[in-house]
Amino acid sequence: MPGTGIVIVGAQWGDEGKGKVVDLLAENAEAIVRFQGGNNAGHTIVRDGEEFKFHLIPSGILYPDKLCMIGNGVVLDPRILLGEIDGLKRRGVDLGNLRISANAHLIMPYHVLLDTAGEIKLGKLSIGTTRRGIGPCYADKALRLGIRVQDLLDEKILRKKIMAALEPKQQALRELLVQRRKLRKEAGEGAREGADQSVAEAPDPRLDLHSITEEFAGYGHRLEPHIADTARLCWEQLDAGKTVLFEGAQATLLDLDHGTYPFVTSSNPIAGAACVGAGIGPTDIGQVWGVAKAYATRVGAGPFPTELDDEVGRHLLERGHEYGTTTGRERRCGWMDLVALRYAVRLNRMTALTITKLDVLSGLETLRVAVRYRSREGAIFDTFPYHQSILHSAEPEYEELPGFEADITACRSEEDLPAQARAYLDYIAEFAGVPIRLVGVGPGREEVVWIGGNPGVV
Ligand code: IMP
């Protein structure tokens, strides 16, 4: 009997609390696989009062009996991964079940430099990336200049590949430095120019073939026991009738193809990408769970129609502790956007929706949800507009629903929730066209309400 693949994706702009949902659903799965993104993501899991923060390792690692995999679609910074491995070992977590795809691409020191340099060059037009080297790494993958995990196992191959990849970077970064020096000179910043000059002339280990090769070969030795053919491991599980979770990072509206381009990440966080990023077929996927906050947030630049710059926005920021796990940046906050959510539901063909952080809304007298947009020219959009300029100027039109006063963190069943909270959830499910199966009412792993019961994976 073939098993089921369950994909878990973000339905908004990221930070929806996917880690906790993966953690809960993992209870009934045999394996968990990350299929895209890198250490631009960050998730916090609270287990028995202990807080665990991960950027790369899938949330399932806290289950010692489950296979936990980093798929081929992930871009992996080995220093960050080894830091996480060491941190977990110190806390007594067994990492014997961690597997890393031999085909995953590596974030190299020059990718991080290029990410920052690219953002600086864009100036006011910058994307607000996490500066972790994600974009340049995926760009090298597409250019076929990437370094893969398997390359770490042969120092000769590693050196050759780094040499080929390095040369154009050195040139690009040199050009950027020259450009900046020129700009500074024009602005009369002589002292800074001198500093840049020395930076340009000093050998930078992040751009030195020998140092990088040596450093990365060392990482190879440490990671070797975990390196595997993760696609095959997924097939073995699925073919044996087991359940495999495919964990997405970032979210639908940050998707390179379907998100708010160019203000997106450089991978595809939507459910379809689980096939490519883990090496399975579309018919291996039986369920798609989308995760959305009860309101909306976004980090970095780009359109965000329901963004609030008022008391309610501050309420959401403070009550929701909306600061980035990766960069510590304040997140932009706003009302739930149902136009965008309905788009995400269809794009991922979700079978279930999870609404997180519902407790953050308590104390707000009225709740608003965006149900359509109005363009600058007055045109009405019931569906998510594909045109960038329309989206940038879109004004949301809201439906108002009554808020709730009560603290809901102790609610554990649908009946425990205030009638207004239930009505809010019903409205979302009806509009989005997908059942809500799980609601988050607090940060703890037990602070949830299952709707229609804990599926135990159906
Ligand atoms: P990058 O992925 O670092 O290239 O950043 C591209 C855009 O995606 C920026 O707006 C980031 O703020 C955003 N982004 C990347 N990862 C996450 C995430 O895990 N949560 C929320 N936003 C993210």
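One-based numbering, in listed order, for ligands and for the atoms of each.
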- Nearest non-hydrogen protein atom, atom 10 (O) of ligand 1: V299 O, 3.3 Å
- Test item, R298 contacting ligand 1 (heavy atom, 4.0 angstrom): no
- Looking only at heavy atoms, is any part of K18 under 4.0 Å from ligand 1, and if so is it the side chain, the backbone, or both, or is it neither? neither
- Measure the shortest side-chain to side-chain distance between M336 and V369 over non-hydrogen atoms and say whether it is less than 4.5 angstrom. yes
- Message: Quick check on R132 - does any of its heavy atoms sit under 4.0 Å from an atom of ligand 1?
- Response: no
- Any heavy atom of S266 sitting closer than 4.0 Å to ligand 1? no
- Message: I want to check something: taking the side chain as every heavy atom from C-beta on, are V22 and F246 in contact at a cut-off of under 4.5 Å?
- Response: no
- Item | Selected option - heavy-atom contact closest to atom 14 (N) of ligand 1, from I127, L254, N40 | L254
- Query: Using the benzene-type ring in the case of Trp, are the ring centres of W13 and F304 under 6.0 Å apart?
  - Reply: yes
- Note on the structure: Nearest heavy atom to atom 21 (C) of ligand 1, choosing from T130, L256, T260, D15, belongs to D15
- Any donor-acceptor N or O pair under 3.5 Å, side chains D257, N268: yes
- Item | Min side-chain heavy-atom separation I107-L76 under 4.5 Å | no
- Which heavy-atom pair separates L173 from A117 by the least distance, and what is that distance? CD2-CB, 3.9 Å
- Region of F263 that comes within reach of ligand 1 [heavy atoms, distance under 4.0 Å]: neither
- Message: Heavy atom to atom 9 (C) of ligand 1, shortest distance: which of G42, G128, G300 holds it?
- Response: G128
- Task: Pick one of side chain, backbone, both or neither for how V264 approaches ligand 1, counting any non-hydrogen atom pair under 4.0 Å.
- Result: backbone
- Side-chain heavy-atom pair L62, F52 within 4.5 angstrom cut-off: yes
- Does K66 make a cation-pi contact with Y63 (under 6.0 Å, within 45 degrees of the axis)? yes
- Among protein heavy atoms, which lies nearest atom 5 (O) of ligand 1, and at what distance? T129 CA, 3.3 Å
